[in-house]
Amino acid sequence: MSTDQTRAFRLTRWGGPPVLTEVPRPVPVAEEVLIRVEAAGVCRSDLHVIDARPGDLPYRIPFTLGHEVAGRVLERGPLAVGPAVGERVVVYGPWGCGECARCAAGAGNYCDRRTALDGARVGMGAGLGRDGGMADLMLVPSGRLLVPVGDLAADQAAPLSDAGLTAYHAVATVLPALGEGASVVVLGIGGLGHLAVQILRATTTAQVLAVDVREEALALAHACGAHFGTLLRADTAAVLRGRTGGVGAAAVLDFVGGASSLEPAVGVLRAGGELAVVGSGGGELTVRKPGALPPGARISLPFWGTLPELDAVVSLARAGVLKAGTEPFPLADAAEAIARLRSGDVRGRAILVPDRCG
Ligand code: FEH
Ligand code: ZN
Ligand code: ZN
């Protein structure tokens, strides 16, 4: 590969498999920053993007996948701000328009112009209609989107930008409900749920109650600090309520978001409790008065997280209180990693590691 070529795992046609291909070496202009990728996480949302049919997503193809990226600053455009060349960083992925009030406040995840962006077929951010980090090199629009990670291992840094940030934002959303003596239920102890358990134990005094369909997931929940774990069954809401002295859970974090998880979520929720539906499992919730939801229930659909929250997540990881379970794959085996994720055969988060200098 010549020095002006580099590798990228790109979606080149809708419904077709992504391919690892050679692309011209990106050159940063104006505020842009070029990073050498050290690790790129593989997320279930990548599967949704890969499986999208023409017209499903307002993205222009081809583009490079990868919205959970860590690396080292390689080159900066002449107007670049933020981390210097040589600094190791993690990339804030929801780039948004970069100009509205939300983006200016570091909340690109809730960009006010997202539909306009989609209309312009610009795409939401890294690896989501714009070139991401499943590659040797990655161009980032601004150094403001980079958070220094110091000597944090790359496979620990990358998951913070999506799995960690999404879990942290979900906890922050329900935090007001987690006063003294409160209990919180975490439904789904996967790539996000296991991090949420750690974040809850590190930042709240709540009793953490974990639910999953796999014994090994409950074992992971205990290892991450959950006070109690139970397999999902017909009586799960009653079992959990019993652990709360009968009052119910002040907050429920549903990282599955399916019918099977929403039912116990509603059944265990305390009056005035917070239900955050994070997973995109397609489950439906009926909001009606009177209805199954308790009086005063608040429902939220938290999405990804903010740039200040990414700073906080990185600080927790650098303090050693947040550890991600990961399984590394060489970038050259990206297709294998996708197949393993699709078949549910990945331990923790699949991480692509560029296996040679780009
Ligand atoms: C990204 C893009 C679209 C939907 C969901 C996601 C999440 O993976 C972000 O955490
Ligand atoms: Zn994701
Ligand atoms: Zn915006």
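Source: prediction; values computed, not measured. One-based numbering, in listed order, for ligands and for the atoms of each.
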Could you tell me whether the side chain of His169 and the main chain of Thr306 form a donor-acceptor pair under 3.5 Å?
no
Nearest to the Zn ion (ligand 2) - the N/O/S atom of Asp162, by atom name
OD2
Could you walk me through whether Ser161 and Glu68 pass side chain to side chain donor-acceptor pair (under 3.5 Å), step by step?
CA-CA 5 Å; Ser161 62; Glu68 184 174 83; 5.0 Å; no
Students should be able to answer this: which protein heavy-atom is nearest to atom 3 (C) of ligand 1, and at what distance?
Met124 CE, 4.0 Å
For atom 10 (O) of ligand 1, closest protein heavy-atom neighbour
Asp162 OD1, 2.3 Å
Under 2.8 Å from the Zn ion (ligand 2), is there an N/O/S atom belonging to Glu68?
no
Between Thr64 and Ala8 the two heavy atoms that sit nearest each other are OG1-CB, 3.5 Å
Shortest-distance N, O or S atom of His67 relative to the Zn ion (ligand 2)
NE2
Identify the closest protein heavy atom to atom 8 (O) of ligand 1: which residue and atom is it, and at what distance?
Ser45 OG, 2.6 Å
Angle subtended at the Zn ion (ligand 3) by Cys111 SG and Cys97 SG, rounded to 10 degrees:
110°
Pull out every atom of ligand 1 sitting under 4.0 Å from any heavy atom of Thr166, numbered as shown with elements.
10 (O)
Does a side-chain N-to-carboxylate-O contact under 4.0 Å join Glu327 and Arg349?
no
Of the side chain and backbone of His67, name the one, both, or neither that has a heavy atom under 4.0 Å from an atom of ligand 1.
side chain
Determine whether the side chain, the backbone, both or neither of Leu165 has a heavy atom under 4.0 Å from any heavy atom of ligand 1.
neither
Which atoms of ligand 1 are found less than 4.0 Å from any heavy atom of Cys43?
8 (O)
Are Asp4 and Arg25 within salt-bridge range, i.e. N to O under 4.0 Å?
no
Would you call Asp355 and Arg7 a salt bridge, taking side-chain N to carboxylate O under 4.0 Å as the test?
yes
Which residue, Arg241, His227, Gln207, forms the side-chain hydrogen bond (donor to acceptor under 3.5 Å, both in side chains) with Ser183?
Gln207
Do Arg102 side-chain atoms and Tyr110 backbone N/O form a donor-acceptor pair below 3.5 Å?
yes
Atom indices of ligand 1 within 4.0 angstrom of Leu128 heavy atoms, with elements
1 (C), 2 (C)
I need the atoms of ligand 1 closer than 4.0 Å to a non-hydrogen atom of Phe303, numbered in the order shown.
4 (C), 5 (C), 6 (C)
Any Lys/Arg nitrogen of Arg72 or Glu38 sitting under 4.0 Å from an Asp/Glu carboxylate oxygen of the other?
yes
